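Notes follow the structure.
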Amino acid sequence: MAKVIDKPTAIKRPIKRPIKTPDKYNDLVVLQRIVVNANRIGDVEYAEMAQARIDYLNSGMRDELRTEFRRIMRVYEELLTENNDRTTRATHMWRKVENKGEKQTMIDWARRKLPAEGFTALAKVGKIEDTAEYLIISFPNDFPSDVVELAQRRIDRENRIQDQGGLS
């Protein structure tokens, strides 16, 4: 009896890459999807390019932006300490920063439907310039355009509320 050998029947056709290269994307979710799909179809080189862009976006934060982020976090922790009459750290926020990085954390805060508690607390005491949203609009070239627009809208909305004398 003849021995039957199962051979994988892979269709050999050229892989068609998108026109836009991974270095043109700023959204980590999109880039992660690119990595998964490129690996799925066997385009390891394109997956590595997208992964390199993810690594750059996560760690490629300018020093001045990182310094300003740490400053606004200190301001928020000082506000928490003052409100609680004891030293209070924003542990849940630092944990998120540790997992996702400073930049992605700010992007996530800006994309939330409701403002983060830090934004609300700081805006209530008139320290809107110490919020992540204000930091995003101060460094617009470091963030995706939709995030800058969302941050600007949130600040504008809060300013209108403050001008009307209402509570946020």
Side-chain angles (χ1 to χ4, degrees), residues 18 20-37 47 49-168:
K20 202 171 175 184
T21 59
D23 62 324
K24 302 292 184 205
Y25 291 96
N26 288 324
D27 191 342
L28 292 173
V29 175
V30 171
L31 285 164
Q32 193 60 46
R33 198 173 307 134
I34 289 171
V35 170
V36 169
N37 288 334
M49 288 167 50
Q51 186 61 51
R53 180 67 176 164
I54 290 170
D55 295 342
Y56 169 77
L57 290 174
N58 280 333
S59 66
M61 198 160 128
R62 293 191 294 161
D63 287 337
E64 57 205 298
L65 181 56
R66 181 170 280 122
T67 302
E68 280 298 299
F69 177 79
R70 297 202 182 275
R71 183 191 64 77
I72 66 170
M73 287 296 289
R74 275 195 313 275
V75 169
Y76 178 60
E77 287 181 332
E78 288 169 8
L79 180 67
L80 288 175
T81 297
E82 186 179 303
N83 290 345
N84 295 332
D85 292 326
R86 62 184 170 86
T87 303
T88 308
R89 289 200 24 99
T91 308
H92 61 286
M93 290 183 178
W94 285 115
R95 197 172 297 125
K96 183 170 182 156
V97 168
E98 189 177 298
N99 291 334
K100 292 193 168 198
E102 293 102 335
K103 192 172 184 177
Q104 187 60 42
T105 299
M106 287 190 285
I107 289 170
D108 291 349
W109 287 340
R111 286 185 174 155
R112 287 180 60 176
K113 287 187 179 186
L114 297 174
E117 63 185 69
F119 178 86
T120 306
L122 289 165
K124 205 175 273 187
V125 295
K127 293 187 174 187
I128 207 152
E129 68 281 350
D130 294 322
T131 63
E133 285 79 358
Y134 192 84
L135 196 55
I136 289 169
I137 64 169
S138 299
F139 293 88
N141 295 329
D142 292 310
F143 295 95
S145 58
D146 70 306
V147 172
V148 176
E149 289 173 26
L150 290 168
Q152 185 65 58
R153 266 192 257 151
R154 183 164 289 151
I155 289 173
D156 291 345
R157 188 176 331 123
E158 187 60 36
N159 285 334
R160 279 195 305 276
I161 291 170
Q162 295 297 330
D163 290 344
Q164 295 170 356
L167 297 174
S168 57

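The analysis underlying the following values was restricted to heavy atoms, covering all of them including side chains, and did not include hydrogens, waters or symmetry mates. Predicted model only: the values in this text are computed from it and were never measured.
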How long is the straight-line distance from OH of Tyr25 back to CD of Gln32, given to the nearest 0.5 Å?
14.0 Å
Under a 4.5 Å cut-off applied to non-hydrogen side-chain atoms, are Val97 and Phe69 in contact?
yes
Partner set under salt bridge (charged side-chain N to carboxylate O under 4.0 Å, His left out) for Glu64, not counting sequence neighbours
Arg62
Name the atoms and distances for all side-chain donor-acceptor pairs under 3.5 Å in residues 85-95, with sequence neighbours left out.
| residue | atom | partner | partner atom | Å |
| --- | --- | --- | --- | --- |
| Thr88 | OG1 | Asn84 | ND2 | 3.1 |
| Thr88 | OG1 | Arg86 | O | 3.0 |
| Trp94 | NE1 | Glu77 | OE2 | 2.6 |

Name all residues meeting the side-chain contact (heavy atoms from CB on, under 4.5 Å) criterion together with Asp108; count only those two or more places apart in sequence or in a different chain, and write none if there are none.
Lys96, Lys100, Gln104
Taken in chain and number order and not counting sequence neighbours, the residues that satisfy side-chain contact (heavy atoms from CB on, under 4.5 Å) with Arg111 are Asp27, Ile107, Pro144, Asp146, Val147, Leu150
Pick out which of Val35, Leu31, Ile34 makes a side-chain contact (heavy atoms from CB on, under 4.5 Å) with Arg53.
Leu31
Find the distance between CG (Leu65) and CE (Met106) and round it off to the nearest 0.5 Å.
4.5 Å
side-chain contact (heavy atoms from CB on, under 4.5 Å) filter on Lys113, not counting sequence neighbours, yields none
For Thr21, give me all partners under side chain to side chain donor-acceptor pair (under 3.5 Å), at least two apart in sequence or on another chain.
Asp23
Full working for side chain to side chain contact (heavy atoms under 4.5 Å, CB included) between Phe143 and Lys103:
CA-CA 8 Å; Phe143 295 95; Lys103 192 172 184 177; 3.8 Å; yes
The criterion is side chain to side chain donor-acceptor pair (under 3.5 Å); which residues satisfy it with Gln152, sequence neighbours excluded?
Asp156
Between Leu135 and Glu102, does the side chain to side chain contact (heavy atoms under 4.5 Å, CB included) criterion hold? Intermediate values first, please.
CA-CA 12 Å; Leu135 196 55; Glu102 293 102 335; over 6 Å; no
Would you be so kind as to tabulate the donor-acceptor pairs closer than 3.5 Å made by side chains of residues 125-133, with sequence neighbours excluded?
| residue | atom | partner | partner atom | Å |
| --- | --- | --- | --- | --- |
| Asp130 | OD1 | Arg71 | NH1 | 2.7 |
| Asp130 | OD1 | Arg71 | NH2 | 3.2 |
| Thr131 | OG1 | Ile128 | O | 2.7 |
| Thr131 | OG1 | Tyr134 | N | 3.2 |
| Glu133 | OE2 | Arg154 | NH1 | 3.1 |

Nearest non-hydrogen partners of Ala50 and Pro22, listed with the distance:
CA-CB, 3.6 Å
Would you name the heavy atoms of Ala151 and Ile137 that are closest together and state the gap between them?
CB-CG2, 4.0 Å
